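To keep things clear, I will list the structure first and then write my remarks on it.
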Amino acid sequence: MCDSFIPNMVYLAPTSKEEYFAMLNWSIEQNEHPVAIRIPCNGVISDRRKIDTNYSNLNKFKVEIKGENVAIIALGDFYQLGENVIEELKNKIGLNATLINPQYITGIDSELLKKLKENHDILLGICGCMAQEESVVNEIMSKYKYVDFVFGTHNLDNMVNVINNSIKTGKQNVEVYSIEGNICEGIPEKRESKYSAWVDIQLGCDKFCTYCIVPYTRGTQRSRKKESIIIEIEKLKSEGYKEVTLLGQNVNAYGKDLYEDYTLANLLIDVAKTNIERIRFVTSHPWDFTDEMIDVISKYDNVMPYVHLPIQSGSDRILKLMGRKYTKEEYLTLYNKIRTKVKGVSITTDIIVGFPGETESDFNETLDVVNTCKFDGAFTFIFSPRVGTPAMKLPDDTPKEEKESRLYKLNELVNKYSLESNLKMVDKIVKCLVVSPSEKDPKKYMGYTENMKLVNIESDKDLIGQIVDVIITEAHSFSLNGKYIES
Ligand code: SF4
């Protein structure tokens, strides 16, 4: 099939939840053969799918057309990883492929899949976290015969072969490992930036927070070998990268599964010694954040003073129900240690509101913690049940409107403290890594301070890729304005 046609690829760029659903709906109804449609949702959706079948005039969203002949539905958080492997697919077997990313759509929608397959002459596959679940795989195999291939997250390195087999045999090819495989080294990385790179140091997670699907879908924690990480970072540095972010579901537990006595603190020291200019790490679980780590962050100039430290709730009762394994007091002790020891640090957090059983009083405890910590920023969410997690089974009688009102109240408070924190930076000269032209004003540039504040920078010179001095002139809740200072 793939030899015989060059289908079209339509790239759609939604800017809101409504547009996303409208485009999704439009994509299903297309009859141009063959076509694959890519609709990155990029966070524009915050609740479950609602397709509006009456939406019209959608051609205005069409921004690019090119040849494609494989469409892969990337479920869960596979999307970014999948994009890297797509390149491999193109290079190895000459297929033009695309990812369709119905992120935040819970479950697999049989109508969507069927219509995509019926209306488009494409090879259709499903991959990612949710495809890793046994019940999902069984359902696909028994009901959705028109899906050409399925694979999970643990055998990414074999993705190309899975697809190739589907093409050769013309049969549904399912390859999902029920246990996690080894870390796949050598998968080509697709870098979004030429100056700042994500470096995976660990996959999976052992924490089993009761609301989270990650340990079930991505498996238990597997750390990459320190030598491979250092080689990757040395290479990035030699290619001109200025910044690396060490990435894992729970980076502070790095090495526990692999070494007797080598932790994230040790890894940070080794990465710092490569002399790459900026080092960051996400995401931290407060449980594994050691004093040694705090010492390393404060000691090495190229380990950036920024910590993302999710608290999730300020109520010990809710933290226990979430399975977070720390108390509010323990979190605050850690928080204060970081604030005291790391000069100029900024600390952000994650907070879930409306967890099953959260009372007004539990929520007020969360507000108390926000008032105490005065976070530099926070990612806030309304609890969203995930199939297969213990939290899904907890009784939840808080009305949706009440949850939304709590979120609103929380955001007001969070934004107030973000602004306060940003205002303290006005008139200061800071170092910024300039990453791109400003999204809002093409005459300005966008850069990040050492403590991860976003700055829109005025400059007559092209500064992209450089670390430059900037004087901060104005503060908003989510960004700063500044002027480049020529040295
Ligand atoms: Fe999920 Fe993070 Fe908890 Fe691991 S630590 S189970 S990734 S929420």
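Given the structure is predicted, the values throughout are model-derived calculations rather than measurements. When a ligand or atom number is given, it counts from 1 through the structure's own listing order.
- Using modelled atom types and a 3.5 Å distance limit, the side chains of Lys237 and Asn275 yield no donor-acceptor pair.
- Closest of all the heavy-atom pairs between Glu232 and Trp198 is OE2-O, 4.4 Å.
- Listed by atom number, the atoms of ligand 1 under 4.0 Å from Pro215 heavy atoms are 6 (S).
- The aromatic rings of Phe375 and Tyr335 lie perpendicular to each other, with more than 60° between the two planes, well past the 30° mark.
- With respect to atom 1 (Fe) of ligand 1, the closest heavy atom belonging to the protein is Cys212 SG, 2.3 Å.
- Taking the six-membered ring where the residue is Trp, Tyr326 and Tyr331 present tilted rings, their angle falling between 30° and 60°.
- For atom 1 (Fe) of ligand 1, the set of nearby N, O or S atoms under 2.8 Å includes none belonging to Cys209.
- Of the candidates Gln312, His285, Met322, Gln249, the one placing a heavy atom closest to atom 2 (Fe) of ligand 1 is Gln249.
- At a threshold of 4.0 Å, the pair Asp362-Arg317 counts as salt-bridged, since one of the basic side-chain nitrogens sits closer than that to a carboxylate oxygen.
- Residue Phe208 touches ligand 1 through its backbone alone, judged by heavy-atom distances below 4.0 Å.
- Remark: Asp257 does not engage Arg222 in a salt bridge, criterion side-chain N to carboxylate O under 4.0 Å.
- Annotation: atom 4 (Fe) of ligand 1 to nearest protein heavy atom, Cys205 SG, 2.2 Å.
- Atoms of ligand 1 lying under 4.0 Å from any heavy atom of Tyr211, numbered from 1 in the order shown and given with element: 8 (S).
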